[in-house]
Amino acid sequence: EVKLMESGGGSVQAGGSLRLACVASGFNSTDYCLAWFRQPPTKEREGIAKLSSGGRKAYADAVKGRFTISLDNAKNTLYLQMNSLKTEDTAVYYCARREDYYCNGGPPVEDEYPFWGQGTQVTVSS
């Protein structure tokens with residue numbers, strides 16, 4: 001059974017930092033695209049960061065320069081380091097994966113990812 005499990009969400013004041021983690025299990029392919037999405041209250045889910053198995057990264061403009069996506073292969077864990085958090089970063093954050101060598105350019109697109117975690121809430125207060 002394939003599974004993605006996020007953790008690390010919580011409440012933080014604006015300007016603070018959080019690190020989200022996403023542990024993957026049951027996947028065998030060495031070619032993959034990994035991504036972070038978020039869904040703010042009353043809004044649609046949006047792709048914010050992407051990492052290919054070849055190491056290429058892409059970010060949405062809204063988080064570029066503040067968020068960093070990374071992978072610890074030994075721990076099968078994807079991270080999202082979030083710095084300089086803003087109230088508009090409040091959302092449920094999801095990790096996602098697809099088994100593919102080629103990850104299209106630009107931020108991740110929801111329809112391209114078949115595997116999802118359950119989400120973790122991040123709340124940023126002013």
J.: Taking disulfide bond (SG atoms under 2.5 Å apart) as the cut-off, I'd like each qualifying pair that reaches into residues 62-126, sequence neighbours left out, listed once.
T.: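 The answer is Cys22-Cys95, Cys33-Cys103.
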J.: Taking only residues two or more places apart in sequence, or in another chain, which ones meet Gln39 in a side chain to side chain contact (heavy atoms under 4.5 Å, CB included)?
T.: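 Gln39 satisfies side chain to side chain contact (heavy atoms under 4.5 Å, CB included) with Arg45, Tyr94 once adjacent residues are dropped.
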J.: Minimum heavy-atom separation for Ser17 to Ser84, with atom names?
T.: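 Where Ser17 meets Ser84 most closely, the heavy atoms are OG-N, 4.3 Å.
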J.: Looking at residues at least two apart in the chain, or sitting in another chain, which of them share a ring-ring contact (aromatic ring centres under 6.0 Å, His included) with Phe37?
T.: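 Checked Phe37 against ring-ring contact (aromatic ring centres under 6.0 Å, His included); matches are Tyr113, Trp116.
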J.: Quick check: is Phe67 connected to Leu20 through a chain of hydrophobic side chains (ILVMFWY, heavy atoms under 4.5 Å apart)?
T.: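 Leu20 and Phe67: one cluster.
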J.: Are Arg19 and Met82 close enough that some pair of their side-chain heavy atoms sits under 4.5 Å apart?
T.: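 The answer is no; the side chains never approach within 4.5 Å.
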J.: Apply salt bridge (charged side-chain N to carboxylate O under 4.0 Å, His left out) to Lys64 and list each qualifying residue two or more places apart in sequence or on a separate chain.
T.: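 In terms of salt bridge (charged side-chain N to carboxylate O under 4.0 Å, His left out), with neighbours along the sequence ignored, Lys64 is linked to Asp61.
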J.: So, for Ala58 and Pro107, which heavy atoms are closest and what is the spacing to 0.1 Å?
T.: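 What the structure gives for the nearest pair is CB-N, 4.3 Å.
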J.: Does any non-hydrogen side-chain atom of Arg66 lie less than 4.5 Å from one of Lys86?
T.: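 Yes, side chains in contact.
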J.: Going by ring-ring contact (aromatic ring centres under 6.0 Å, His included), name the residues that satisfy it together with Tyr101, two or more places apart in sequence or in a different chain.
T.: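 Per chain and number, Tyr101 pairs via ring-ring contact (aromatic ring centres under 6.0 Å, His included) with no residue.
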J.: Can you give me the closest heavy-atom contact between Val92 and Gly119, atom names plus distance?
T.: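 Result for this residue pair: CG1-CA, 3.9 Å.
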J.: Could you list all the ring pair (Phe, Tyr, Trp, His ring centres under 6.0 Å) pairs where at least one residue sits in residues 1-31, not counting sequence neighbours?
T.: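 Only Phe27-Phe115 qualify under ring pair (Phe, Tyr, Trp, His ring centres under 6.0 Å).
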J.: To check you understand the geometry: which heavy-atom pair defines the closest contact between Glu99 and Ser29, and what is its length?
T.: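 Of all heavy-atom pairs spanning Glu99 and Ser29, the closest is OE2-CB, 2.9 Å.
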J.: Is there any side chain to side chain donor-acceptor pair (under 3.5 Å) pair reaching into residues 70-80, and which pairs are they, with sequence neighbours excluded?
T.: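 Checked against side chain to side chain donor-acceptor pair (under 3.5 Å) - neighbours excluded - the pairs reaching residues 70-80 are Tyr32-Asn73.
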J.: Tell me, please, which residues at least two apart from Arg56 pass salt bridge (charged side-chain N to carboxylate O under 4.0 Å, His left out).
T.: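 Scan of Arg56 (salt bridge (charged side-chain N to carboxylate O under 4.0 Å, His left out), adjacent residues dropped) gives none.
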J.: Under the 3.5 angstrom rule, does the side chain of Gln81 hit a backbone N or O of Thr68 as a donor-acceptor pair?
T.: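 Not at all, since once roles are kept as given, no pair shorter than 3.5 Å links the two residues.
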J.: Within this structure, what is the CG-CH2 distance for the pair Leu80 and Trp36, rounded to the nearest 0.5 Å?
T.: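 The distance works out to 6.0 Å.
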J.: Just wondering, more than 12 heavy atoms not from Glu88 lying within 6.0 Å of its CD?
T.: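 Count over threshold, so yes.
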J.: Given a cutoff of under 4.5 Å between side-chain heavy atoms of I, L, V, M, F, W and Y, with clusters grown through shared members, what are the other residues clustered with Val109?
T.: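 Val109 shares its hydrophobic cluster with no other residue.
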J.: How would you list all residue pairs meeting salt bridge (Lys or Arg N to Asp or Glu O under 4.0 Å) that involve residues 22-42, not counting sequence neighbours?
T.: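 Residue pairs with at least one partner in residues 22-42: Arg38-Glu46, Arg38-Asp89.
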J.: The test is side-chain contact (heavy atoms from CB on, under 4.5 Å); show your working for Thr90 and Gln121 and say whether it passes.
T.: CA-CA 8 Å; Thr90 294; Gln121 175 71 46; 4.0 Å; yes
J.: Is a donor on one side and an acceptor on the other found under 3.5 Å between the side chain of Lys57 and the backbone of Ile69?
T.: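 Yes.
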J.: What is the distance from atom OG of Ser53 to atom CG of Leu34, rounded to the nearest 0.5 Å?
T.: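 Going from the OG atom of Ser53 to the CG atom of Leu34 covers 8.0 Å.
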J.: So, the side chain of Thr123 versus the backbone of Ser11: is there a donor-acceptor pair under 3.5 Å, distance only?
T.: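 The answer is no, because no donor-acceptor pair under 3.5 Å joins these two groups.
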J.: Using a strict threshold of under 4.0 Å (side-chain N to carboxylate O), is an ion pair present between Glu1 and Lys3?
T.: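 So Lys3 does not pair with Glu1 through a salt bridge.
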J.: Residues two or more places apart in sequence or in another chain: which of them pass salt bridge (charged side-chain N to carboxylate O under 4.0 Å, His left out) with Asp111?
T.: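 Salt bridge (charged side-chain N to carboxylate O under 4.0 Å, His left out) list for Asp111, sorted by chain: empty.
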J.: List for me each residue that meets side chain to side chain contact (heavy atoms under 4.5 Å, CB included) alongside Val12, sequence neighbours excluded, and say none if there are none.
T.: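 Here the qualifying residues are Leu18, Leu85, Val124.
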